[in-house]
Amino acid sequence: MSKPSVLGVMLGAPLTAGGAHYGATQGPAGFVAALVGAVLLTTGVLGYRRVLVLRRRLRSLMPAAQRSPVAHLPSARRAATLAAYVNGVLVLLGLGGAGWLLYMGASWGAYDNSFGFAALVMGALLPFALGLAAASTVPELLRVVPAGARMGQALYGVFVCVASLMIAKGDGLLPRLVGAVIAVLALGAIALLGRCFRVMGGAAPRQGSGSPGAGQPGFGQPGPGQPGFGQPAPAPGFGPPTSPPGGPHGPAPYGPPAPPAPRAGRGGLVLVLVLVLVAVLGGGGLYAVKEAGLLDGDDSTTTDVAESPQAPAYGVGGERRARWATGAPAPEGTAPEYLVGGDEDVVVHVTGTLVTGYDVATGKKLWDVEDRSGDFRTCAVSPTAVGHVVAVLMRRGDQGPCGFLVAVDVRRGKQLWSKGILGEGSGAGMGTATVRVTANSVVSGTQTAPVVLDARSGDVRWTGADQPDEDGEARSLRGLEVAGNSLVASYGDGLGGSTALRRFDLRSGRVTARPSPPKAPETPTPKDVLSVLSVEPLVVSLGDDTNADHFYFSRVGDAWKPLRTDAVEGVSARSGPQEGMVTDGLFVKAFTTDDRSLDVGFDTVVAAFDLESGALRWQHALHRDAGQVVLLPGTVGGAVRAVASDHDTGDQLYAFPLEDGGPVRGGRLTVDASLSGAPSGLNDLTGAVVQGERLVVRSQVDGTLVAFPFPSKA
């Protein structure tokens with residue numbers, strides 16, 4: 001009887017909690033599981049009621065379960081009161097432990113998914129049941145019933161078992177010390193309760209012992225005037241028990257009358273039906289309300305889209321309706337693609353063999369620049385176009401090296417020049433294909449050195465000298481970044497662990513500094529690449545290009561400060577599509593994190609790191625389903641602005657104050673279905689750029705460019 005009862009509670013409680021959570025957050029199938037769990041839980045509770053009846057029958061035959069015959073003695077009453085206090089501590093520990101688990105579950109993420117919530121409820125149920133069991137002994141002890149002390153000993157034995165595991169399996173000295181302290185206190189409580197049990201008359205004193213009450217009436221020996229005084233006391237457990245004082249007929253020949261046999265009766269059936277109705281009607285009603293959108297405004301989603309009151313201060317307030325939309329499909333197999341700003345009146349879309357300019361005000365296609373031979377495909381493009389020039393780095397074929405530069409005048413849509421920057425027989429270009437455009441220069445690189453060209457003519461101004469490694473071989477150029485009159489290039493030998501940094505004067509090509517490269521906290525793999533993210537201040541990343549596990553470092557004086565990306569909260573936090581941006585002494589970056597509470601399952605956390613100390617300054621989880629974030633360049637009102645997508649609610653503007661005022665939700669980006677060329681939805685992002693008074697985003701599903709009003713100043 002006890003095993004089915006325990007199994008019913010142990011299986012029913014988490015299944016009911018987890019199923020109800022799943023039904024309320026995911027779908028109605030969870031309520032079916034909750035219903036099954038409710039039936040199991042009800043079965044366990046009813047079985048436990050039957051066990052309680054049998055337990056009462058058994059306890060009625062045990063002398064220790066009755067009121068002590070020495071309850072009138074002050075020593076017994078004092079012992080009972082002390083035992084009640086000791087068991088009262090158990091009540092506080094049990095209920096406090098349950099409350100602590102329920103509170104900490106929020107930081108553990110247990111409320112974010114159904115499995116975690118089920119495990120949390122099951123975990124909290126155990127100390128809660130321990131506290132209730134201890135509480136049931138307090139009234140018994142106040143009536144001087146010795147069995148309450150025995151029950152307290154058994155419950156404190158649970159703490160001894162837990163402490164033993166901490167001592168044996170604890171990771172470090174502190175958990176072992178805590179386990180030892182718990183064990184000592186629990187063993188002391190067990191010993192104290194055992195002494196109280198004996199003083200209350202729960203056990204006959206040992207012969208010849210000097211224990212309190214030895215040889216006194218009530219400790220196994222009848223006193224004067226009591227039946228059997230002067231006669232040997234009968235051995236405990238043999239013969240019929242004596243009738244209680246005032247009993248009419250003396251000793252009962254077969255013991256006290258037995259309680260009625262336990263019956264489930266109609267009450268159990270009624271309880272089951274009530275639980276079923278509550279699970280079905282309550283859960284189903286909650287799901288219906290959620291589906292109707294009454295919980296989340298007009299959207300059937302858990303995403304909070306309410307605009308923050310501070311949004312206007314950062315220029316992101318108010319709903320933005322699309323001004324134009326136009327198809328910009330990427331030919332199959334021509335990734336990567338880029339959306340870049342050119343002239344204030346032109347936005348440039350680069351994909352595969354095609355470079356296209358669109359009018360920012362109307363969305364009209366202005367021009368195409370295409371390699372009609374079909375031999376070349378895009379490698380990379382500058383993140384911004386400067387001086388009406390956009391430069392595109394291309395490769396011959398799908399696998400060829402990135403060694404062909406094309407410059408386009410975005411005002412006229414004309415190719416200014418094209419130049420091969422790899423010599424004859426060069427087998428590869430730079431490790432991470434990069435091209436940058438400054439006021440009058442285009443910067444890229446060969447396999448081993450940076451190359452600087454004139455932006456208008458394409459003439460090579462200088463090519464950097466090779467940088468030898470420990471064996472005298474030229475290092476491979478991995479990446480570069482430009483700011484002002486400085487160019488910083490990163491190198492690696494392709495074997496992992498051997499990297500280098502060089503700072504060049506952009507005008508002359510002279511090496512001005514050789515900063516030592518940072519070292520990753522673990523042994524790099526052969527594919528690890530050192531990339532330069534910012535020149536002033538110097539910020540780099542080190543990691544495998546094939547996965548998202550990157551280490552980030554900032555240069556402070558002559559030392560590197562690792563940025564604490566490990567402090568970003570979330571399950572399986574990994575780098576987002578953007579490398580991040582450096583502004584006002586901070587490195588701001590978006591990370592993708594798993595979130596099982598969302599329908600699609602991943603979210604975005606935007607975090608900022610202090611470049612002086614490397615510490616995590618702030619982080620904000622957006623709680624947007626399949627959320628992607630594109631950080632917009634520059635700051636407005638001391639905040640970084642961004643566009644965030646959501647699987648259900650579409651795109652929305654955000655602002656992230658650098659002083660950690662919390663994320664500011666701005667207006668949503670909406671598209672009228674009647675708009676010519678309108679996409680079916682804005683629930684993903686592959687790029688966003690601010691040009692003039694327009695914000696242009698690209699929706700990947702339909703391959704569409706969409707423009708919204710977006711003043712550059714708040």
Side-chain angles (χ1 to χ4, degrees), residues 25-26 106-107 109 111-113 295-311 313-320 548 565 567-581 583 586-609 616-632 635-636 639-670 681-688 695 697 699-700 708 710:
T25 59
Q26 303 294 329
S107 61
Y111 293 99
D112 296 336
N113 63 86
L295 295 179
D296 302 295
D298 297 329
D299 302 294
S300 57
T301 174
T302 57
T303 302
D304 190 352
V305 296
E307 184 176 320
S308 302
Q310 308 94 321
Y314 301 105
V316 294
E319 181 181 1
R320 312 297 172 98
T565 54
V568 176
E569 295 181 358
V571 181
S572 302
R574 52 196 180 274
S575 179
Q578 278 188 308
E579 274 294 358
M581 59 185 297
T583 179
L586 297 177
F587 177 62
V588 183
K589 180 172 174 56
F591 294 84
T592 299
T593 62
D594 293 335
D595 189 342
R596 296 184 181 89
S597 69
L598 300 173
D599 290 338
V600 177
F602 66 89
D603 187 23
T604 295
V605 174
V606 178
F609 305 88
L616 178 66
R617 178 75 65 85
W618 49 259
Q619 60 178 320
H620 303 298
L622 301 191
H623 302 298
R624 300 178 69 88
D625 206 344
Q628 297 170 306
V629 169
V630 175
L631 301 174
L632 302 176
T635 60
V636 172
V640 173
R641 300 189 294 182
V643 183
S645 66
D646 183 272
H647 181 72
D648 294 321
T649 64
D651 293 353
Q652 186 169 4
L653 295 174
Y654 267 79
F656 300 96
L658 299 181
E659 294 301 322
D660 189 19
V664 177
R665 287 186 297 272
R668 298 172 64 184
L669 306 182
T670 59
L682 285 176
N683 56 6
D684 59 0
L685 284 171
T686 57
L695 168 67
V697 302
S699 174
Q700 183 177 19
F708 301 88
F710 193 74

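Residues: numbered from 1 along the sequence shown. From a predicted model like this one, the values you see are computed outputs, not experimental measurements.
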Can you find a pair of side-chain heavy atoms, one from L586 and one from F609, that are under 4.5 Å apart? no
Partners passing side-chain hydrogen bond (donor to acceptor under 3.5 Å, both in side chains) against R617 (at least two apart in sequence or in another chain): D610
side-chain contact (heavy atoms from CB on, under 4.5 Å) partners of Q310, counting only residues at least two apart: S308, Y314, V664
Taking side chain as C-beta onward, heavy atoms only, is T635 less than 4.5 Å from L658? yes
Interatomic distance, CE@M581 vs NZ@K589, rounded to 0.5 Å, equals 12.5 Å
With sequence neighbours excluded, residues passing side-chain contact (heavy atoms from CB on, under 4.5 Å) with V605: V568, T593, Q619, A621
I'd like to check T604 versus R624 (side-chain heavy atoms, cut-off strictly below 4.5 Å). Are they in contact? no
Verdict with reasoning, V643 to L631, per side chain to side chain contact (heavy atoms under 4.5 Å, CB included): CA-CA 7 Å; V643 183; L631 301 174; over 6 Å; no
Flag the pair V606 / W618 as yes when at least one side-chain heavy-atom distance between them is below 4.5 Å, and no otherwise. yes
Is the closest side-chain heavy-atom distance between D646 and Q652 below 4.5 Å? no
Under the salt bridge (charged side-chain N to carboxylate O under 4.0 Å, His left out) test, which residues partner R320, sequence neighbours left out? none
Who pairs with E319 by side-chain hydrogen bond (donor to acceptor under 3.5 Å, both in side chains), at least two apart in sequence or on another chain? T670
Do the ring planes of F656 and H620 sit parallel (below 30°), tilted (30 to 60°) or perpendicular (above 60°)? parallel
Residues at least two apart in sequence or cross-chain that pass ring-ring contact (aromatic ring centres under 6.0 Å, His included) with F708, listed by chain then number, are none
Roughly how far, to the nearest 0.5 Å, is OG1 of T649 from CZ of R668? 5.0 Å
Considering non-hydrogen atoms only, spot the tightest contact between G666 and A311 and give its length. CA-CB, 4.0 Å
V636 side chain near R641 side chain, heavy-atom distance below 4.5 Å: yes
Identify the two heavy atoms, one from A567 and one from L616, that lie closest to each other, and give their separation to 0.1 Å. O-CD2, 3.7 Å
Measuring only between side-chain heavy atoms, which start at C-beta, is L695 closer than 4.5 Å to L653? yes
Test side chain to side chain contact (heavy atoms under 4.5 Å, CB included) on V640 and Y654; report intermediate values, then the result. CA-CA 8 Å; V640 173; Y654 267 79; over 6 Å; no
For D603 and H623, which heavy atoms make the closest approach, and how far apart are they? OD2-N, 2.7 Å
